[in-house]
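Comments concern the structure below.
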2 protein chains.
Amino acid sequence: MFYNSLLNLAEMKKVNLKDVAQHVGVSTALVSYVLNGQAVEKQVNKETAERIVIAAKELNYLPNQIAKSLKMRKTHTIGLVVADINYRFSTGITRAIESEAKKKNYTVIYGSSNENEEKFAELIDVFVNRRVDGLILVPVENSQDQIRKLQKTDVPFVLVDRIFPEMETNCIALDNHKASYTSTSYLIARGHKKIAMVNYKTTLFHLLERNRGYRDALNEQGIKEEWLYEINTESRSGDMEKALSDIISQQDSFDAIFFATDTLALDGLKLLNNKEIKVPEGISVFSFDESEAFELFYTPITHSKQPLEEMGKLAFNTLIELINQNKVNKLICLQADLIVGQSCREILV
Amino acid sequence: MFYNSLLNLAEMKKVNLKDVAQHVGVSTALVSYVLNGQAVEKQVNKETAERIVIAAKELNYLPNQIAKSLKMRKTHTIGLVVADINYRFSTGITRAIESEAKKKNYTVIYGSSNENEEKFAELIDVFVNRRVDGLILVPVENSQDQIRKLQKTDVPFVLVDRIFPEMETNCIALDNHKASYTSTSYLIARGHKKIAMVNYKTTLFHLLERNRGYRDALNEQGIKEEWLYEINTESRSGDMEKALSDIISQQDSFDAIFFATDTLALDGLKLLNNKEIKVPEGISVFSFDESEAFELFYTPITHSKQPLEEMGKLAFNTLIELINQNKVNKLICLQADLIVGQSCREILV
DNA sequence: ATAATCACTTTAAACGATTAAAGCAAATAT
DNA sequence: ATATTTGCTTTAATCGTTTAAAGTGATTAT
């Protein structure tokens with residue numbers, strides 16, 4: 001084989017700086033300068049520079065990012081941990097983050113914690129070992145210690161969606177209280193009085209905020225009672241069954257169900273289908289976020305919609321600021337949109 | 001600050017091999033041997049080994065994977081390119097691949113081509129530059145040249161779902177012809193005679209195979225005509241509208257619609273909802289794969305189901321074989337499951 | 001008494017880039 | 001005639017690992 005032949009070399013294993021340098025007959029330093037746009041600054045002879053550029057192209061030279069990362073102490077990689085890749089929320093922000101990252105020449109390495117504390121911790125460890133430049137995290141329940149551990153590190157990170165209010169972290173989240181308040185108010189405005197709230201039994205702040213928004217709206221608008229049904233993740237379908245049975249048994253007194261997440265709404269709507277309760281005639285339904293699944297439901301579901309694109313974009317760009325300047329302190333609160341479907345009837349007084 | 005204090009050092013920036021070595025008072029080589037389980041092989045003094053292990057733990061030493069990768073010429077990272085993260089297919093195999101990868105201590109870097117040829121090429125370039133050990137690809141239409149380029153490289157890869165039959169590649173795919181044949185036969189067996197097939201207008205082999213399966217089933221079972229409607233991705237909703245209008249206008253003569261993908265089925269079912277055609281009373285519906293969206297449709301959709309978990313697992317493990325041994329040649333064909341719902345009525349003859 | 005073996009441990013060269021600092025002719029200044 | 005500057009290029013250290021190869025005392029063999 002003619003290892004020296006241009007063609008063969010280009011097709012051979014990997015071409016490195018040294019190969020290019022030897023081919024042109026200069027040192028690796030010169031090649032590095034030229035290929036990194038420092039030709040003028042370092043006063044490289046124009047003709048030499050050209051020869052280097054041409055040779056690099058001909059040899060199909062691609063810099064070894066690993067070596068570069070080691071030397072520069074920058075990997076141009078960020079880690080993303082979502083709660084569950086099957087959530088629409090996850091694919092939404094993942095998409096946004098990935099496309100934003102690509103624009104800025106960053107690579108995303110990704111993992112799904114599946115709402116599992118240990119897996120969450122493991123993923124962070126793996127990413128930190130890989131020397132990611134930063135992390136975007138959707139933390140799981142009870143991961144405060146993990147986050148605190150991370151804070152002692154010099155790895156910048158931003159939380160998305162879920163906040164720990166007792167900690168100072170950079171965070172992009174929805175104003176869940178307000179979104180929930182607005183939603184509940186919308187139901188009240190349409191004449192609903194007895195509104196059930198179905199939420200997970202959780203300590204996650206963002207979900208508790210949805211309860212608080214619901215409660216505050218009721219109270220401030222003269223409804224002194226509240227009807228909160230809590231679903232345990234471990235006994236999910238059973239709990240939902242119980243909650244809906246309870247709501248339905250008092251069917252003529254309950255006006256609406258407010259589901260605190262799209263996953264809950266999906267479960268709930270399936271059950272309502274089974275029980276042959278019509279929406280909104282039998283009962284009004286309001287959801288937080290929407291699942292793709294809603295598209296085939298006979299009634300468009302009125303819901304509160306999170307700006308996923310924007311969240312992802314903001315998360316990424318905040319992280320980049322952190323990476324570049326080190327000191328930013330941000331708690332960005334976004335507003336939800338109220339998407340009016342036909343799942344909430346108008347009750348005349 | 002007491003840089004020498006254990007506690008502070010552990011909380012400081014990054015601890016490296018040298019730090020551990022100095023702390024114990026030995027060379028980095030010894031530390032490396034011990035921490036990589038070569039203590040016995042390299043005849044390291046037991047007591048020394050212990051001291052090294054303890055020091056590493058105390059200092060919270062984590063090996064720098066970048067340096068390791070550079071030296072070992074192995075990144076323990078694989079690249080995954082899916083066609084669109086919003087497809088259920090994508091999240092399905094992504095999940096499987098990721099969990100399999102984690103078991104074997106691999107990290108996945110991931111990207112979505114959004115069915116775009118250029119983005120597909122870009123992603124591969126980025127991943128190859130990052131020196132991934134291998135690639136799992138769901139190729140986009142017309143990406144043959146990209147694949148051929150990749151073959152000239154020493155980067156091992158496996159294709160998933162979509163094959164280019166004219167090329168020799170390692171590939172995990174469904175037996176689409178058979179799945180489609182079986183599905184069509186099922187419809188025929190239930191007394192359907194005039195069955196419309198709705199598919200994308202495409203050159204993608206796996207989708208064409210679905211057409212062929214449909215056609216062969218019809219022909220071999222005495223139905224000499226075929227009714228193929230092709231949807232152009234660019235004029236998607238218009239084309240679907242046209243196709244369905246055409247099918248419906250002859251409603252009493254068409255018995256069933258066979259959608260070649262879940263995305264097409266979703267679009268189609270939405271339109272049928274709008275047009276207030278009932279499934280299966282008005283027309284039978286069969287889908288290839290299912291979308292989460294089907295869960296809220298009033299009728300469980302009968303469909304052909306791909307074993308996503310298995311596909312992902314096989315893809316990953318095949319890739320690992322390739323990475324380790326270099327020469328494997330596999331075209332693994334999986335079989336679909338027929339999931340019987342209630343969307344295909346029984347037509348009595 | 002000297003050589004060989006043993007049981008450890010260290011040295012130092014990679015991996016492929018970046019980049020201060022030094023080197024070296026030729027041109028210009030003193 | 002010598003010193004300085006200019007214009008360009010090379011040298012060599014560095015990032016944090018891995019791992020042949022060499023080193024080193026103590027023990028055993030000849």
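Just so it is clear: chains get the letters A, B, ... in the order the sequence lines come, proteins before strands, and each one is counted from 1. Source: prediction; values computed, not measured.
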*D/dT9, C/dC15, D/dC15: which one has an atom nearest the side-chain heavy atoms of B/Leu70?*
C/dC15
*With heavy atoms under 4.0 Å as the rule, sort B/Gln38 into base, sugar-phosphate or nothing.*
sugar-phosphate
*Does CD in B/Glu309 sit with more than 12 non-hydrogen atoms of other residues, nucleotides or ligands closer than 6.0 Å?*
no
*asked:* Side chain of A/Ser27 only, heavy atoms from C-beta on: which candidate in D/dT10, D/dG16, D/dC8 is closest?
replied: D/dT10
*Can you tell me if the side-chain N/O atoms of A/Asn64 get under 4.0 Å from OP1 or OP2 in C/dC15?*
no
*Return the 5'-most residue of the pair A/Ala29, B/Tyr61 with respect to DNA chain D, ranking by each residue's nearest nucleotide.*
A/Ala29
*Roughly, in whole Å, what's the span from NZ in B/Lys18 to C1' in C/dA12?*
13 Å
*Is the distance from OP1 or OP2 of D/dT17 to the nearest side-chain N or O of B/Tyr33 less than 4.0 Å?*
no
*So does B/Lys68 get a side-chain nitrogen or oxygen closer than 4.0 Å to the phosphate oxygens (OP1/OP2) of D/dT18?*
yes
*Is there a side-chain contact between B/Leu135 and B/Val155 (heavy atoms, below 4.5 Å)?*
yes
*asked:* Measuring to OP1 and OP2 of D/dT18, would you say a side-chain N or O of B/Thr28 lies under 4.0 angstrom away?
replied: no
*asked:* Any donor-acceptor pair under 3.5 Å linking the side-chain atoms of B/Arg130 with those of A/Thr77?
replied: yes
*asked:* Taking 4.0 Å as the cut-off, does a side-chain nitrogen or oxygen of B/Ser32 come that near to OP1 or OP2 on D/dT18?
replied: yes
*asked:* Which nucleotide wins on minimum distance to the side chain of B/Asn16, given the candidates C/dA17, D/dG16, D/dT9?
replied: D/dG16
*Taking atom NZ of A/Lys57 as the centre, report whether more than 12 heavy atoms of other residues, nucleotides or ligands fall under 6.0 Å from it.*
no
*asked:* Less than 4.0 angstrom from a charged side-chain N to a carboxylate O is my criterion; do A/Lys14 and A/Asp19 meet it?
replied: no
_Without decimals, in angstroms, what is the distance between A/Lys42 NZ and D/dG7 P?_
16 Å
*Would you indicate which nucleotide in C/dT18, C/dT9, D/dT9 comes nearest to any side-chain atom of A/Val44?*
D/dT9
*Hey, does A/Ser69 reach any base, or is it just sugar-phosphate, or nothing, if we go heavy atoms under 4.0 Å?*
nothing
*asked:* With a cut-off of less than 4.0 Å, is there a side-chain N or O of B/Arg73 near OP1 or OP2 of C/dG16?
replied: yes
